[in-house]
K.L.:
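Here it is: the structure, laid out below.
Fair warning: this is a prediction, and the values are worked out from it, not measured in the lab. Below, each value reflects all heavy atoms present in this structure, side chains not excepted, and no hydrogens, waters or symmetry copies.
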Amino acid sequence: MDNYVNRAYQFELVDDNELLSVLLLLDTRPETVEIVNIAVDEMARNQGLGEKLILFALDWSKKHHYRTVEIGTGSTSFAQLYLYQKCGFRVVNIDRDFFVDNYDEPIIENKLLLKDMIRLEKKLN
C-alpha cells in the first residue's frame with residue numbers, strides 16, 4: 001500500500017468525527033482507474049457502506065472521464081466477489097499465485113489458503 005497511497009485519489013467516510021471507511025483510486029492506464037483499497041471499519045460493516053463506496057467510485061470515475069474501473073480481490077474473498085459483481089463488475093483475469101508470490105506469510109481466508117487474485121472490471125458508459 002505504501003507504494004501507491006501517495007499517488008491515489010483518497011476518500012474517507014466520516015460520521016461524528018469517526019472514520020467509517022476509506023477508498024483509494026489509482027490511475028493505471030489512460031481512461032482507467034483502479035479501486036486499490038476499499039475498507040469499512042469492522043463496527044460499521046453490514047450496513048451497505050461498501051456498496052455505497054463502490055457506487056461513489058463509479059460515479060466519480062464517470063464524472064472524471066474514465067471509461068473503465070478495475071478492482072482485484074482474493075479468490076477466497078467470497079463476500080467481496082459477490083458485492084463487486086452485484087455492482088456490475090465482471091471477472092476479466094486471474095493472477096495465479098499472486099498472494100503466494102507477493103506475501104511472506106500464508107493468508108488464510110474463509111478457512112482456505114489464499115493463492116490467486118481475481119481481477120474484475122466495469123466499463124462505464
Side-chain angles (χ1 to χ4, degrees):
M1 191 164 121
D2 290 336
N3 62 349
Y4 59 76
V5 71
N6 292 326
R7 297 182 291 126
Y9 302 104
Q10 303 174 24
F11 304 94
E12 298 177 342
L13 180 59
V14 177
D15 185 37
D16 284 337
N17 294 323
E18 194 171 330
L19 181 62
L20 299 180
S21 58
V22 295
L23 171 71
L24 298 179
L25 302 174
L26 185 67
D27 289 314
T28 56
R29 290 186 304 284
E31 299 181 335
T32 301
V33 67
E34 181 177 354
I35 299 172
V36 291
N37 193 294
I38 183 168
V40 177
D41 182 85
E42 194 171 326
M43 299 301 291
R45 291 184 186 158
N46 298 315
Q47 299 176 27
L49 295 180
E51 184 173 358
K52 287 179 183 176
L53 284 171
I54 291 171
L55 295 176
F56 169 83
L58 296 173
D59 185 56
W60 183 92
S61 299
K62 192 172 185 177
K63 287 178 180 173
H64 288 83
H65 309 290
Y66 291 97
R67 300 181 117 198
T68 304
V69 179
E70 301 175 325
I71 194 165
T73 194
S75 59
T76 58
S77 303
F78 306 132
Q80 291 89 333
L81 283 166
Y82 170 78
L83 175 60
Y84 303 152
Q85 291 176 86
K86 179 181 172 186
C87 291
F89 285 81
R90 302 281 310 269
V91 174
V92 292
N93 195 18
I94 299 172
D95 291 339
R96 294 177 61 83
D97 293 323
F98 177 89
F99 293 98
V100 174
D101 294 341
N102 292 290
Y103 289 82
D104 294 333
E105 300 291 323
I107 300 171
I108 305 297
E109 182 180 41
N110 292 315
K111 299 181 183 178
L112 296 169
L113 176 63
L114 177 56
K115 296 179 184 177
D116 305 325
M117 165 87 74
I118 305 291
R119 305 284 307 156
L120 303 97
E121 72 176 23
K122 179 169 175 60
K123 298 288 186 187
L124 304 175
N125 296 335

K.L.:
At what distance, to the nearest 0.5 angstrom, does CG of Asn37 lie from CG of Leu24?
P.N.:
5.0 Å
K.L.:
Can you pull out every ring pair (Phe, Tyr, Trp, His ring centres under 6.0 Å) where at least one residue sits in residues 11-51? Sequence neighbours excluded, please.
P.N.:
Phe11-Phe56, Phe11-Trp60
K.L.:
Below 4.5 Å, heavy atoms only, C-beta onward: do Leu25 and Leu23 meet side chain to side chain?
P.N.:
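The answer is yes, as the side chains (C-beta and beyond) meet within the 4.5 Å cut-off.
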K.L.:
Hey, could you give me each pair passing salt bridge (charged side-chain N to carboxylate O under 4.0 Å, His left out) that has a residue in residues 101-115? Not counting sequence neighbours.
P.N.:
none
K.L.:
Are Tyr103 and Met117 linked, directly or through intermediate hydrophobic residues, by side-chain heavy-atom contacts shorter than 4.5 Å (ILVMFWY only)?
P.N.:
yes
K.L.:
Indicate the atoms forming the closest heavy-atom contact of Gly74 with Leu114, along with that distance.
P.N.:
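Closest heavy-atom pair between Gly74 and Leu114: CA-CD1, 3.5 Å.
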K.L.:
Determine, using the 4.5 Å side-chain heavy-atom cutoff (strictly less than), whether Val69 and Leu26 are members of one ILVMFWY cluster.
P.N.:
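In one cluster: no.
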K.L.:
Going only through I, L, V, M, F, W and Y residues with side-chain contacts under 4.5 Å, is there a path from Ile71 to Leu49?
P.N.:
yes
K.L.:
Under 4.0 Å between a side-chain nitrogen and a carboxylate oxygen: does that hold for Asp41 and Arg45?
P.N.:
no
K.L.:
For Thr28, which residues count as a side chain to side chain contact (heavy atoms under 4.5 Å, CB included) partner, sequence neighbours excluded?
P.N.:
Thr32, Glu34, Glu70
K.L.:
May I ask you to check whether over 12 heavy atoms, not counting those of Asn102, lie within 6.0 Å of atom CG?
P.N.:
yes
K.L.:
Name each donor-acceptor pair under 3.5 Å that joins a side chain in residues 84-98 to protein atoms two or more places apart or in another chain, with its distance.
P.N.:
unit_1: Gln85; atom_1: NE2; unit_2: Leu81; atom_2: O; d: 3.1
unit_1: Lys86; atom_1: NZ; unit_2: Glu51; atom_2: OE1; d: 3.2

K.L.:
If you measure from CD on Gln80 to CD1 on Ile38, what distance do you get to the nearest 0.5 Å?
P.N.:
9.5 Å
K.L.:
Tell me, do Ile108 and Leu113 make a side-chain contact under 4.5 Å, heavy atoms counted?
P.N.:
yes
K.L.:
How long is the straight-line distance from CZ of Arg29 back to CD of Glu31, given to the nearest 0.5 Å?
P.N.:
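Answer rounded to 0.5 Å: 11.0 Å.
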K.L.:
Taking side chain as C-beta onward, heavy atoms only, is Phe78 less than 4.5 Å from Asn110?
P.N.:
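SC-SC contact between Phe78 and Asn110 confirmed.
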K.L.:
Please answer: with hydrophobic residues joined when any side-chain heavy atoms are less than 4.5 Å apart, are Ile54 and Tyr66 in the same cluster?
P.N.:
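Linked, Ile54 and Tyr66 end up in one cluster.
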K.L.:
Can you measure from CG (Leu83) to CG (Leu53) and round to the nearest 0.5 angstrom?
P.N.:
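Here the rounded value is 9.5 Å.
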K.L.:
Once side chain to side chain donor-acceptor pair (under 3.5 Å) is applied, what residue pairs with a partner in residues 10-25 remain, sequence neighbours excluded?
P.N.:
none
K.L.:
Tell me whether Ile35 shares a hydrophobic cluster with Leu55, the cluster being built from Ile, Leu, Val, Met, Phe, Trp, Tyr side chains joined at under 4.5 Å.
P.N.:
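Hydrophobic grouping puts Ile35 with Leu55.
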K.L.:
With clusters built from Ile, Leu, Val, Met, Phe, Trp and Tyr whose side-chain heavy atoms come within less than 4.5 Å, directly or transitively, what are the remaining members of the cluster of Leu19, listed by chain and number?
P.N.:
Val14, Val22
K.L.:
Under a 4.0 Å threshold between the charged nitrogen and the carboxylate oxygen, would Lys123 count as salt-bridged to Glu121?
P.N.:
yes
